[in-house]
**Student:** 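This is the structure I want to talk about, given as structure tokens.
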Amino acid sequence: MPESYDPADLLKLDQEHVWHPYGPMPGRSEPLLVESASGVRLRVVGPDGNRTELVDGMSSWWSAIHGYNHPVLNEAAHGQLERMSHVMFGGLTHEPAVRLATRLVEITPEPLRHVFLADSGSVSVEVAVKMCLQYWRSTGRPAKRRLLTWRGGYHGDTWQPMSVCDPDGGMHHLWSGALPEQVFADAPPGGYDDAPDPAYEAHLRELIARHADELAAVIVEPVVQGAGGMRFHSPGYLRVLREACDEHGVLLVFDEIATGFGRTGELFAAGHAGVAPDVMCVGKALTGGYLTMAATLCTSRVAEGISEGEVPVLAHGPTFMANPLAASVAVASLDVLLGQDWAAEVRRIEAGLRAGLAPATGIAGVRDVRVLGAIGVVQLDHEVDMAAATRAAVDAGVWLRPFRDLIYTMPPYVTGDDDVARICAGVLAAAQGA
Ligand SMILES: *Cc1c(COP(=O)(O)O)cnc(C)c1O
């Protein structure tokens with residue numbers, strides 16, 4: 001940025017011209033202007049030019065698991081930049097893509113063997129859906145083209161993903177007649193440690209059985225429903241889904257875009273249940289928070305079904321598919337993650353969040369406090385006053401982005417104990433201020 005930029009000017013232009021996520025135009029709330037970021041700290045410039053540092057409680061929407069400006073990830077990016085930032089992936093290949101795909105096959109559940117590199121989480125879900133529908137078309141069951149999910153989910157903002165987002169949170173009423181109409185089960189009840197509810201299990205089995213002839217796949221976020229409400233459920237339900245899908249000839253898709261790479265305490269949330277899906281989406285933490293990248297993995301059965309069909313190809317190929325810069329940083333991020341005792345770090349943060357968020361139960365208006373892995377959630381009994389809650393957290397030196405009735409944190413795994421405590425203080429301040 002030029003030396004002479006005027007923060008107040010930039011913020012004014014931002015408000016006039018730049019859409020922000022889930023925002024109106026022109027913008028009604030003022031975003032914070034970030035100048036740089038390093039480790040777990042964001043350096044923020046006020047309109048008056050004053051600089052402050054905030055401890056990041058969000059990992060930039062759960063992706064920057066090693067913090068910002070990480071020397072190993074920086075080096076991977078620099079090195080790749082010198083070789084090539086990008087080449088098309090049609091008819092060409094390169095080391096970063098092959099290494100990334102191979103690595104993903106090694107660390108994900110056993111039957112997943114083939115990798116489609118997509119350029120965002122939403123696109124990886126589009127690809128997953130395309131794979132499932134095409135599998136059934138190719139194997140002579142074209143009527144199997146609907147999806148089943150449970151309420152309370154989030155799978156991205158493009159069209160197919162939107163159709164399986166929570167119908168209320170995803171505002172399906174706005175889109176009735178336009179979005180594909182999928183089959184919705186009730187939201188999974190209880191918390192992570194609660195015994196599976198037999199009545200709910202029966203509900204899942206019954207719906208899958210009833211719609212089996214038209215269902216291509218069941219798609220869910222395993223164990224943690226993220227942006228749809230930050231709710232945890234018993235891994236037992238995933239075993240029920242696997243059994244019912246096998247029994248009735250329905251594919252099972254796990255969207256691990258939020259949960260993958262250690263966030264819940266297992267490398268993948270599927271590991272809590274010991275269940276493998278037929279198709280799996282990963283993204284977010286895959287990138288180390290540097291450059292957009294996601295992946296859809298599938299089993300040989302799915303790949304062969306598609307590749308032996310009437311149109312024996314998967315017709316999908318984004319311009320920036322397998323971008324070498326993003327792929328090399330993703331490989332470096334996996335090296336950093338797996339080269340340390342990441343599970344111990346996640347457990348350490350989990351303990352810090354449990355201790356630091358416990359006092360929230362005593363705050364008026366707090367309905368629930370829950371922690372799983374490096375995820376801490378305070379749920380209110382009312383809609384968050386987002387401006388007030390954010391301001392209270394910022395005043396406590398912490399960056400949080402509450403939504404709906406939720407104030408939550410997913411800190412980078414490198415967050416030290418003092419900074420975890422500070423983030424918790426920020427969450428409590430936000431809960432008090434909201
Ligand atoms: C964030 C998210 C997505 C969408 O990923 P984008 O990269 O934002 O398109 C899909 N599914 C889940 C579970 C997510 O958390």
Side-chain angles (χ1 to χ4, degrees), residues 19-23 58-65 100 104 108 116-132 147 149-167 169-170 179 182 187-188 217-233 237-238 241 252-264 266 268-270 272 277 279-297 316 318 320-323 326-327 329-330 333 372-375 377 401 403-404 406 408-410:
W19 285 104
H20 281 265
Y22 311 104
M58 300 304 295
S59 302
S60 280
W61 273 335
W62 330 347
S63 56
I65 51 175
L100 179 59
L104 287 173
T108 50
F116 187 99
L117 294 171
D119 40 13
S120 74
S122 300
V123 171
S124 77
V125 174
E126 297 278 359
V127 170
V129 172
K130 192 183 270 191
M131 280 178 177
C132 293
L147 304 171
T149 187
W150 46 37
R151 286 172 181 266
Y154 177 80
H155 297 281
D157 292 338
T158 60
W159 216 237
Q160 285 290 348
M162 266 174 71
S163 77
V164 280
C165 287
D166 183 72
L179 271 187
Q182 315 294 15
V218 170
I219 176 168
V220 295
E221 294 159 279
V223 178
V224 176
Q225 294 183 298
M230 304 303 298
R231 299 166 80 243
F232 312 148
H233 56 256
Y237 297 132
L238 303 174
L241 291 179
L252 181 59
V253 182
F254 284 169
D255 178 348
E256 293 246 16
I257 293 168
T259 49
F261 309 101
R263 181 58 68 179
T264 68
E266 292 279 342
F268 294 97
H272 290 279
V279 176
M280 178 162 142
C281 298
V282 293
K284 291 203 164 101
L286 169 69
T287 66
Y290 272 52
L291 289 153
T292 182
M293 172 67 81
T296 313
L297 290 95
H316 212 99
F320 272 76
M321 183 166 177
N323 174 251
V329 176
S333 176
L372 181 69
I375 308 171
V377 184
R401 183 74 177 159
F403 69 103
R404 299 208 327 228
L406 300 161
Y408 76 100
T409 176
M410 314 245 275

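When reading the values below, keep in mind they use all heavy atoms of this one structure, side chains included, and skip hydrogens, waters and symmetry mates. Everything numeric here is computed off the predicted structure, so don't read it as measured data. Whatever order the structure lists them in is the order used to number ligands and atoms, beginning at 1.
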**Student:** For the CE atom of Met280 and the OG atom of Ser124, what is their distance to the nearest 0.5 Å?
**Tutor:**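 Going from the CE atom of Met280 to the OG atom of Ser124 covers 10.5 Å.
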**Student:** Looking at residues at least two apart in the chain, or sitting in another chain, which of them share a ring pair (Phe, Tyr, Trp, His ring centres under 6.0 Å) with Tyr237?
**Tutor:**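 For Tyr237, the residues satisfying ring pair (Phe, Tyr, Trp, His ring centres under 6.0 Å) (neighbours in sequence not counted) are Tyr200.
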**Student:** Could you pull out every protein residue that has a heavy atom closer than 4.0 Å to ligand 1, ordered by chain and then number?
**Tutor:**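 Residues within 4.0 Å of ligand 1: Trp62, Ser120, Gly121, Ser122, Tyr154, His155, Gly156, Glu221, Asp255, Ile257, Ala258, Lys284.
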**Student:** Backbone N or O of Val224 within a donor-acceptor pair of the Thr259 side chain at under 3.5 Å?
**Tutor:** no
**Student:** Tell me whether Ser122 contacts the main-chain N or O of Asp157 through its side chain, where contact means a donor paired with an acceptor under 3.5 Å.
**Tutor:** yes
**Student:** Please name all residues satisfying ring pair (Phe, Tyr, Trp, His ring centres under 6.0 Å) with Trp61, sequence neighbours left out, ordered by chain then number.
**Tutor:**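 Scan of Trp61 (ring pair (Phe, Tyr, Trp, His ring centres under 6.0 Å), adjacent residues dropped) gives none.
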**Student:** With sequence neighbours left out, what residues match Glu266 under side-chain hydrogen bond (donor to acceptor under 3.5 Å, both in side chains)?
**Tutor:** none
